[in-house]
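To keep things clear, I will list the structure first and then write my remarks on it.
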Amino acid sequence: MRNLFTALLLMFAINSLQAAHYEVQMVNRNALGAMSYEPSYLNIQPGDTVKFIRTAPGHNAAAIVSMWPADAKQYRGNINEEIEMTFDKAGIYGIECTPHMAMGMVMVIQVGKKDLPAIQAPKSLPSRAKQRIQTIKTHYSQQ
């Protein structure tokens, strides 16, 4: 039993050391336009954590449910709250600023293989949010 506990503890420690931490700023403007996240796209690995930093008042970070893997933990930060999200499952995750979604304040986090063409904006999103997702795909495919 002690060997099993030691092995599990070691495995957890190794996974913790391998996980990366990213920061995303919630801003009023960036290269992609008004009401943005900086960066607006991340390609990360399972187990990585993203911290959303408040750099301007009135923003939050929350899951776009229609752009979130069905069995992945969903997050919803409060307005003006910094929040950390850990992404354990590969897939495409949409993030919105709840009060500014209609103005296009969204971002995409792709966990696992980078595949920008696989990112699709759900038809239910406001038109500016859909446009921003297309802009994200175009902008980040050139990098």
Side-chain angles (χ1 to χ4, degrees), residues 4-143:
L4 177 61
F5 177 75
T6 303
L8 289 173
L9 187 60
L10 182 61
M11 191 168 71
F12 177 76
I14 289 170
N15 284 340
S16 295
L17 292 174
Q18 292 175 345
H21 297 273
Y22 297 87
E23 289 187 353
V24 173
Q25 296 179 3
M26 299 180 271
V27 300
N28 290 334
R29 177 168 294 282
N30 73 0
L32 300 184
M35 302 301 158
S36 297
Y37 292 97
E38 181 60 44
S40 295
Y41 171 81
L42 285 174
N43 180 223
I44 65 176
Q45 296 306 309
D48 290 352
T49 299
V50 178
K51 181 176 184 178
F52 291 85
I53 308 293
R54 182 182 81 90
T55 59
H59 300 299
N60 76 326
I64 300 174
V65 177
S66 59
M67 284 186 73
W68 205 268
D71 54 349
K73 179 181 178 182
Q74 293 182 11
Y75 296 88
R76 181 172 211 75
N78 294 319
I79 304 299
N80 297 322
E81 175 185 54
E82 293 187 357
I83 184 172
E84 286 191 5
M85 301 180 187
T86 300
F87 297 87
D88 293 321
K89 180 177 173 53
I92 297 169
Y93 296 77
I95 306 290
E96 70 172 317
C97 173
T98 307
H100 300 116
M101 164 79 118
M103 297 175 71
M105 190 166 180
V106 297
M107 76 167 293
V108 177
I109 298 174
Q110 199 164 37
V111 179
K113 179 183 166 195
K114 183 176 182 177
D115 184 10
L116 289 163
I119 299 169
Q120 299 299 320
K123 292 180 181 180
S124 61
L125 293 185
S127 62
R128 285 189 178 174
K130 288 188 277 193
Q131 289 171 352
R132 178 62 57 90
I133 289 171
Q134 186 57 45
T135 301
I136 289 168
K137 288 171 60 170
T138 302
H139 179 81
Y140 287 94
S141 66
Q142 297 170 359
Q143 295 183 344

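Not measured: the values here are computed from a predicted model.
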What are the two closest heavy atoms between [X] and [Y], and how far apart are they?
| X | Y | answer |
| --- | --- | --- |
| Ser36 | Arg132 | OG-NH1, 2.9 Å |
| Pro69 | Ile92 | CD-O, 3.4 Å |
| Ile136 | Ser40 | CD1-O, 3.5 Å |
| Ala62 | Arg76 | CB-NH1, 3.4 Å |
| Pro46 | Gly112 | CD-N, 4.4 Å |
| Asp48 | Ala20 | OD1-N, 2.8 Å |

Residues in side chain to side chain donor-acceptor pair (under 3.5 Å) with [X], at least two apart?
| X | result |
| --- | --- |
| Thr49 | Thr86 |
| Arg29 | none |
| Tyr140 | none |
| Glu81 | none |

Would you compute the distance between atom [atom1] of [X] and atom [atom2] of [Y] and round it to the nearest 0.5 angstrom?
| X | Y | atom1 | atom2 | result |
| --- | --- | --- | --- | --- |
| Arg128 | Met101 | CZ | CE | 13.5 Å |
| Asn30 | Met107 | CG | CE | 10.5 Å |
| Leu42 | Tyr37 | CG | OH | 12.0 Å |
| Gln25 | Glu23 | CD | CD | 8.0 Å |
| Asn60 | Thr98 | CG | OG1 | 3.5 Å |
| Met103 | Cys97 | CE | SG | 9.5 Å |

| request: For Lys51, enumerate each residue passing the salt bridge (charged side-chain N to carboxylate O under 4.0 Å, His left out) test, keeping only those at least two apart in sequence or located in another chain. | output: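 Only Glu82 meet the salt bridge (charged side-chain N to carboxylate O under 4.0 Å, His left out) criterion with Lys51.
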Using the test side chain to side chain contact (heavy atoms under 4.5 Å, CB included), find all partners of [X] that sit at least two apart in sequence or belong to another chain.
| X | value |
| --- | --- |
| Pro122 | Ser66, Met67, Ser124, Leu125 |
| Ser141 | Leu116 |
| Pro57 | Arg54, Asn80 |

| request: Mind jotting down which residue pairs meet the ring-ring contact (aromatic ring centres under 6.0 Å, His included) criterion with at least one end in residues 89-111? Sequence neighbours excluded, please. | output: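 Applying ring-ring contact (aromatic ring centres under 6.0 Å, His included) to every pair that reaches into residues 89-111, excluding sequence neighbours, yields His59-His100, Trp68-Tyr93, Phe87-Tyr93.
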Report yes if some heavy atom in the side chain of [X] is under 4.5 Å from a heavy atom in the side chain of [Y]; otherwise report no.
| X | Y | result |
| --- | --- | --- |
| Ile44 | Gln110 | no |
| Ile95 | Met85 | yes |
| Lys137 | Gln134 | yes |

Scan [range] for pairs that pass salt bridge (Lys or Arg N to Asp or Glu O under 4.0 Å), counting only residues two or more places apart or in two chains.
| range | value |
| --- | --- |
| residues 57-70 | none |
| residues 85-104 | Asp71-Lys89 |
| residues 98-126 | none |

| task | Let me know which of Ile133, Ile109, Val108 forms a side chain to side chain contact (heavy atoms under 4.5 Å, CB included) with Tyr41. | result |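 That would be Val108.
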| message | The test is side chain to side chain contact (heavy atoms under 4.5 Å, CB included); show your working for Val111 and Gln45 and say whether it passes. | response | CA-CA 5 Å; Val111 179; Gln45 296 306 309; 5.8 Å; no
